[in-house]
Peer 1: 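Handing you a structure now.
So that the names make sense, note that chain A is the first sequence line, chain B the second, and so on, each numbered from 1. If you're wondering where the values come from, they're calculated on a predicted model, not measured in any experiment.
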Protein chains: 2
Amino acid sequence: MSYSKLTHIAEKAASKSAQQLRKSDRTRKAILDGALELLWSRPFRDLTVAELMEVTGICRSAFYRYFDDLYALMETLLLSLEEDIFDVAAPWFSREGNPVDTLRESLSGLVRVCYEQGPILRAVSDASTIDDRLENVWSSFLTQFDDAVTANIEAQQAEGFIQEFSARPVAVALNRMDAYLFVHAFGRHPRQNPELVLESVTRLWVSTLYQSSPITTKNND
Amino acid sequence: MSYSKLTHIAEKAASKSAQQLRKSDRTRKAILDGALELLWSRPFRDLTVAELMEVTGICRSAFYRYFDDLYALMETLLLSLEEDIFDVAAPWFSREGNPVDTLRESLSGLVRVCYEQGPILRAVSDASTIDDRLENVWSSFLTQFDDAVTANIEAQQAEGFIQEFSARPVAVALNRMDAYLFVHAFGRHPRQNPELVLESVTRLWVSTLYQSSPITTKNND
DNA sequence: ACATATAGTGACGTCGTGTCATTTTTTCAA
DNA sequence: TTGAAAAAATGACACGACGTCACTATATGT
């Protein structure tokens, strides 16, 4: 009987890898996918649990088995965005290579990711003003960035790449610009031209931090 | 009888100037004042018609005689903010005097007004993500600013004060920075130090637009 | 002072939310 | 394969906030 048992287990494993994990995980993913689908074309304010679960094909109240509320769901989406964003912003923070070049690289990646995920970014940003808890998550996400940028500015000031000034308020200003410019430019269809946005964001960062550097008006990497 | 009539009229006029206009206008003002009071210390998301009218001391449903909904009320608050903001930003747009000096003056006024009205600014900004109509009003407010800044940059480029680049995307970036930095810094108590915010905002605008200008790290006007 | 216009009231219907007891489906091991 | 236990899905419910409406009370102006 160990034969049939093993076969059975093997089948289970096979079916699991085909269907992806347990039922609950598939359902959770279906809900997240449904949310992404809806938020791609409609603002967060129009999203209701009823509509979302209708798309998912499961009873509305089942939603609450997977998320506390829509804001908890948005938090999940934000966390996955965060990963992409920190990854793509890495070059400048790595503090290897030419500061201006790596800054351009980081900003370019940031624009790309935010362009691709624009409507989601906007939905999270919108939702964060309505819910206490999500607001804290969003806010601490921005603050992490503030901290990282501040530290990097201070380090490069010590090395003489950046002139002396109070780093944090400038870091905060630059980050708020990025965040809300991206939300504004890429948060709704039709999204704005990412090349133009990248160009102007780069101009601001470079002229603020590395004043003497020349600025190209076309990106010719 | 014309005597008593005149006296009566005189009394009416006196009482009107003392009590300010008709009942409806006083009530409307009371509602707006109540909203200002509540929003001074709590986020927009916690504001309900019931709570607002409780503060005002009138029946909840009377609210709808004066405003379509809370977003219409917020629109009224935004419009009064707008006036202050356009007024105070005038110097740079007037295109008289030294561009950098007038820019500093405008930014200084902007920071002052937004500091004073921080929680209201934030409430409007928060509310605008929830309501269609208010979002359009907020958005067109920002766009007006985008237009004005774009025009001013282009004019000063023509005069040689500002180097050549695509003006609008830079204007949009600078404005989004202002708007959301102010919302972030001044929108909740305790508000951040306006001096520091002014200094960093000024740094960004000046170094972006008038690269060659020296930047003072203390404001010694 | 009175007739009329206007402001204020309370009750109602609606919608979206979140919970709960119950039913259905999965899961896993004998 | 089967059946018992665990987990997931369902439908009904109560709640809170909204916006409307017929009605009452109060202002307004002649």
Peer 1: Does the ring of A/Tyr71 carry A/Arg133 above it, NZ/CZ under 6.0 angstrom from centre and within 45° of its axis?
Peer 2: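 Relative to the ring axis of A/Tyr71, which defines the angle, A/Arg133 lies outside at least one limit.
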Peer 1: Within this structure, what is the CD-to-P distance between B/Glu51 and D/dC18, rounded to whole angstrom?
Peer 2: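 About 10 Å, once rounded to whole Å.
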Peer 1: Whole angstrom is fine here: how far is it from CG in B/Leu70 over to P in D/dG19?
Peer 2: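 Taking atom P of D/dG19 as the reference, CG of B/Leu70 is at 7 Å.
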Peer 1: Tell me the closest heavy-atom pair linking B/Ala173 and A/Leu204, and the distance in Å.
Peer 2: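 Scanning both residues, the minimum pair turns out to be CB-CD1, 4.1 Å.
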Peer 1: For B/Met53 and D/dT20, what is the distance between atoms CE and C1' respectively, to the nearest whole Å?
Peer 2: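 Whole-Å distance recorded here is 15 Å.
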Peer 1: Respond yes when some side-chain nitrogen or oxygen of B/Lys23 is under 4.0 Å from OP1 or OP2 of C/dG8, and no when none is.
Peer 2: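 Yes, B/Lys23 has a side-chain N/O under 4.0 Å of OP1/OP2 on C/dG8.
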Peer 1: Quick one: which of C/dG8, C/dT27, C/dT17 gets closest to the side chain of B/Ile58?
Peer 2: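 Nearest to the side chain of B/Ile58 among the choices is C/dG8.
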Peer 1: Heavy atoms only, 4.0 Å cut-off, all strands: where does A/Tyr66 land among base, sugar-phosphate and nothing?
Peer 2: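 Result for A/Tyr66 = sugar-phosphate.
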Peer 1: Would B/Leu73 and B/Phe63 satisfy side chain to side chain contact (heavy atoms under 4.5 Å, CB included), going step by step from the backbone distance to the final call?
Peer 2: CA-CA 10 Å; B/Leu73 182 151; B/Phe63 173 85; 3.8 Å; yes
Peer 1: Please find the pair of heavy atoms, one from A/Arg45 and one from B/Ser128, that lie closest to each other, and give the distance.
Peer 2: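 For A/Arg45 versus B/Ser128, the nearest heavy atoms are NH1-O, 4.2 Å.
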Peer 1: For B/Thr27 and for B/Arg60, find the nucleotide of DNA chain C with the closest heavy atom, then tell me which residue's nucleotide is more 5'.
Peer 2: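 The residue mapped nearer the 5' terminus is B/Thr27.
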Peer 1: Between B/Ser61 and B/Ser24, which is nearer to the 5' end of DNA chain C once each is assigned its nearest nucleotide?
Peer 2: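 The 5'-side residue here is B/Ser24.
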Peer 1: Counting only side-chain N and O atoms of A/Tyr64, is one of them less than 4.0 Å from OP1 or OP2 of C/dG18?
Peer 2: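 Yes, because at least one side-chain N or O of A/Tyr64 sits under 4.0 Å from OP1 or OP2 of C/dG18.
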Peer 1: Is there a donor and acceptor pair closer than 3.5 Å between the side chain of A/Thr48 and the base of C/dG16?
Peer 2: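 Under the 3.5 Å cut-off, the side chain and the base do not form any donor-acceptor pair.
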Peer 1: Closer to the 5' end of DNA chain D via nearest nucleotide, is it B/Asp68 or B/Arg65?
Peer 2: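 Mapping each residue to its closest nucleotide by heavy atoms, the 5'-most match is B/Asp68.
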